[in-house]
Amino acid sequence: MADQTPAPETPRARDFIRELVADDVATGRFGRAPATRFPPEPNGFLHMGHAKSICLNFGIAREFGGTCNLRFDDTNPFTEDAKYVEAIKRDVAWLGFTWDGEFYASDYFERLYEIAEGLVTRGKAYVDDQTEEQIRTNRGTVTSPGTPSPWRDRTPAENLDLLRRMKAGEFEDGARVLRARIDMAHPNMVMRDPLLLRIRRGAHHYRRGTSWQVFPLYDFAHGLSDAIEGITRSLCTLEFKDNREIYDWLVREAGFASPPTQIEFARLELDYTVLSKRKLLRLVNEGHVAGWDDPRMPTIAGLRRRGVRPEAIRTFAETIGVARKDARVEIAIFEHAVRDDLNMEVPRRLAVLNPVKVVLTNYPEGQVEQLEAQDYPHDVPRTGTRTIPFSRELYIDRDDFLEDPPKKFFRLSPGNEVRLRFGYIIRCEEVVKDAAGRIVELRCTYDPETRSGGANSDRKVKGTIHWVSAPHALSCEVRLYDRLFRQPDPDDVPEGQDFLAALNPESLVVIADAKVEPTVAADPVGTRYQFERTGYFMTDVVDSAPGRLVFNRIVGLRDSWAKELKKG
RNA sequence: UGCCCCUUAGCUCAACUGGCAGAGCGUCUGACUCUGGAUCAGAAGGUUCCUGGUUCGAUCCCAGGAGGGGCAACCA
């Protein structure tokens, strides 16, 4: 009774995929350690959806003592580029994962072609001369069977001859394709003689140049690439469920002894953003954002530039888990993961985003005190202090003063007191306005007995606000980033409009002249802080420089005052 | 001749494969106070989509239905 029973080590709740992998290990099904792969196509930057997949694939390999390859699924010469390969590698590494093998589907083209010849020889594939349009029409519809191609019954010898001439570059693009010979009336559309190889004679592949001319399609390349690498479980998203049948058909026909098995999980959908490479590409190409690494983008590069740490992304991926049903995740879950991570890691600083001047009328002119300020709050297990200057003229945030405050407003107002963080208690005596009625200065008095840490510092006031010393503060630019879209589902727009109609015009608000305490001047670019009572910020790695401070807001703090206001 | 998934708390998921439906986030309440936008504690919240069936017992198995989603690119 007396001694505390230590909390039992509760194993993290397993998802259905990890259960299957654990079964594989227990039964020795594959006769080898679990092997996964992350297979991006190098035609765009990685985003949060990919991060989920990366954490899953690499996480499983790590947990089960297996391997995870990075494989570029580069089978479409029209859209792929080496610059995307580099960006993807950088992003995966930044997320904290090391791949076992680095492979390219384009390195398997020869092997795939040999498998194609094998299929042709055994009557399992044929060369089709139909036009693209005819192929589409003759595939039938979801409710009606397709029509066999007139070329479907060519002899293996004829098919082999045509296939070789396709490879040799004798035919125009689109003149012929290689198709699997399965069933044109199959209830699964994917199995209606799927296309295997298409001719791209003029195309320039970023790795193969113009030397290779018959390119495999996804279905043909993907499962076989997995099999070639000895993958055990091939994890992909739900929309590939129907493709599993052709995946299994191909690895079986190719004669792999212990072929991989595909498992599908739900792709991530995140509120207030889009996670589709096609849509992200449009945002970039049409100039709605500044680039793939715009801090508003849900790309790994964008999140990195904004200041999110990889730890937060990994925690988020773990939190949302994986499931077999569609998953739309609230952005609050992500923001919570980001705050939770930063809370324990980054030092506090004082910054005033929307400054209004405060003059302490009873503070000696010309006097400057150095105040000691804690870098971390009492409940964060880190230590550190700094000194910040205090003087007669200060800035506080305009939001922290109200001439006519509502109930429960515990900040500064005429005749009322508030504590300046790490400093003194002050009282507002007079409000100075310009001709237009705008407040230009608050004339206050301070209580010299209440300096933080001093003998009589424990006098209580309701509120504490942040401030900076006007003559010492550094001017800086602050970029307040917000959700890119103004509604949870950007695709939920009226007929005739697309997701761009839901763009949030205030996703970036730039404050040209904010004030920050001088201690940040010496920190390297890319340093993160919490600006007390405001949010988490990082100096922008591209635009910030000594003498020109630029801060990105990573995420705000939880806004319980706004909630209080809403309640009325 | 359609096929394949999915449906459990506001949201995302659990429930050891038939045994008193749980967790995180969110919400609410309280505590604390030099972050009243930090932190901590507690609470509320359920016809497990519906209708039958099997069973001592069904979220789980079976049948039918409803709702949501995927598939008819020489994209992946």
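All values below were derived from every heavy atom in this structure, side-chain atoms included, with hydrogens, water molecules and symmetry-related copies excluded.
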Thinking salt bridges, do [X] and [Y] make one under a 4.0 Å N-O criterion?
X: A:Glu417; Y: A:Arg459; value: yes
X: A:Asp375; Y: A:Arg382; value: no
X: A:Arg37; Y: A:Glu229; value: no
X: A:Asp193; Y: A:Arg179; value: no
X: A:Arg154; Y: A:Asp129; value: yes

Exercise for the section: With pairs defined as Watson-Crick or G-U wobble and both distances under 3.5 angstrom, please note down RNA chain B as a dot-bracket string, | for pairing with another strand. Expected result: .((((((..((((.....[..)))).(((((.......))))).....(((((..]....))))))))))).....
Tell me whether the side-chain N/O atoms of [X] come closer than 4.0 Å to OP1 or OP2 in [N].
X: A:Arg324; N: B:A14; answer: no
X: A:Arg139; N: B:U1; answer: no
X: A:Lys325; N: B:C13; answer: yes
X: A:Thr75; N: B:A76; answer: yes

Pick base, sugar-phosphate or nothing for [X], based on heavy-atom distances below 4.0 Å to the nucleic acid.
X: A:Phe78; answer: nothing
X: A:Phe215; answer: nothing
X: A:Arg136; answer: sugar-phosphate
X: A:Leu195; answer: base

Donor-acceptor pair present, [X] side chain and [N] base, under 3.5 Å:
X: A:Gln530; N: B:U35; result: yes
X: A:Lys462; N: B:G36; result: yes
X: A:Arg328; N: B:U12; result: no

Side chain of [X], heavy atoms from C-beta onward: which of [options] has the nearest atom to it?
X: A:His336; options: B:C71, B:C74, B:C25; answer: B:C25
X: A:Ile333; options: B:C25, B:G36, B:C74; answer: B:C25
X: A:Arg200; options: B:A38, B:C75, B:U1; answer: B:C75
X: A:Pro377; options: B:C25, B:C3, B:U35; answer: B:U35

Let me know the distance between [atom1] of [X] and [atom2] of [N], rounded to the nearest Å.
X: A:Gln262; N: B:C4; atom1: CD; atom2: C1'; answer: 13 Å
X: A:Phe16; N: B:A14; atom1: CZ; atom2: P; answer: 8 Å
X: A:Lys241; N: B:C4; atom1: NZ; atom2: P; answer: 9 Å
X: A:Trp212; N: B:C74; atom1: CH2; atom2: C1'; answer: 17 Å
X: A:Ile320; N: B:U12; atom1: CD1; atom2: C1'; answer: 9 Å
X: A:Glu264; N: B:A76; atom1: CD; atom2: C1'; answer: 15 Å

Practice task
For nucleotides B:U48 and B:C6, find the distance between their C1' atoms and express it as a whole number of Å.
Solution key: 14 Å
Problem - Residue whose nearest RNA chain B nucleotide is more 5′ - A:Leu238 or A:Gly146 - result: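 Going by which nucleotide is closer to the 5' end, it is A:Gly146.
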Handout entry: Aromatic plane relationship, A:Phe103 with A:Tyr108 - under 30° parallel, 30 to 60° tilted, over 60° perpendicular
Key =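 Because their plane-to-plane angle lies in the 30° to 60° range, the rings of A:Tyr108 and A:Phe103 count as tilted.
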Exercise for the section: Count the heavy atoms of every other residue, nucleotide or ligand shown that sit under 6.0 Å from CZ of A:Arg267, and state whether that count exceeds 12. Expected result: no
Handout entry: Atom CD of A:Glu172: over 12 foreign heavy atoms under 6.0 Å
Key = no
